[in-house]
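Numbers for residues simply follow the sequence, beginning at 1.
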Amino acid sequence: IMKEVHRILKPGGVFTYFANWESLRGDKRALKRAGFKDDGIHIERYKMETILGDCKTYPNCKEVKADFQVPRIVKT
């Protein structure tokens with residue numbers, strides 16, 4: 001997906017997505033392999049105390065702790 005995004009974005013174009021914090025290293029590696037430069041990769045960590053977990057009876061689910069990232073990738 002990262003290579004396809006790099007291919008279709010024009011210089012200055014922005015790509016963002018939602019991901020688990022645990023995938024940070026792999027995401028950065030994939031973005032660099034796709035052609036994005038370090039100065040265009042901006043990933044902030046957001047820590048949430050609790051969120052509703054997945055279950056069949058949503059919204060009556062257990063609360064779980066979660067960390068996530070919201071990358072903002074700019075094609076330079």
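Across every non-hydrogen atom of V74 and F36, the tightest pair is O-CD2, 4.1 Å. Listed here is the closest heavy atom pair of K75 and R7: NZ-O, 4.2 Å.
For D54, there are no salt bridge (Lys or Arg N to Asp or Glu O under 4.0 Å) partners, not counting sequence neighbours. E63 meets the side chain to side chain donor-acceptor pair (under 3.5 Å) test with no other residue; sequence neighbours excluded.
Residues L9 and V14 are members of separate hydrophobic clusters, defined by side-chain heavy-atom contacts under 4.5 angstrom among Ile, Leu, Val, Met, Phe, Trp and Tyr.
Within 6.0 Å of OH on Y58 lie no more than 12 heavy atoms contributed by other residues, nucleotides or ligands. Shown here is I1, whose CD1 atom has no more than 12 heavy atoms of other residues, nucleotides or ligands within 6.0 Å. Heavy atoms from other residues, nucleotides or ligands lying under 6.0 Å from CD of E44 number 12 at most.
T50 places no side-chain N or O within 3.5 Å of a backbone atom of K65 that could act as its donor or acceptor partner. Side chain of K3 to main chain of A34: no donor-acceptor pair is present (N/O by atom type, distance under 3.5 Å, no hydrogens or angles). Between the side chain of H6 and the main chain of G35, a donor-acceptor pair closer than 3.5 Å is present.
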### Message
Quick one, I73 with T16, criterion side chain to side chain contact (heavy atoms under 4.5 Å, CB included). Give me CA distance, side-chain angles, the key distance, then yes/no.
### Response
CA-CA 6 Å; I73 315 304; T16 188; over 6 Å; no

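For the salt bridge (charged side-chain N to carboxylate O under 4.0 Å, His left out) with K32, the lone residue among D27, D38, D39 that qualifies is D38.
Taking CZ of R72 as the start and OH of Y17 as the end, the distance is 13.5 Å to the nearest 0.5 Å. In this structure, OG on S23 lies 11.0 Å from CZ on R29, to the nearest 0.5 angstrom. Atoms NZ and OG1, from K37 and T76 in turn, are 6.0 Å apart once rounded to the nearest 0.5 Å. Here CD1 of I43 is found 5.0 Å from CD of Q69. Values are rounded to the nearest 0.5 Å.
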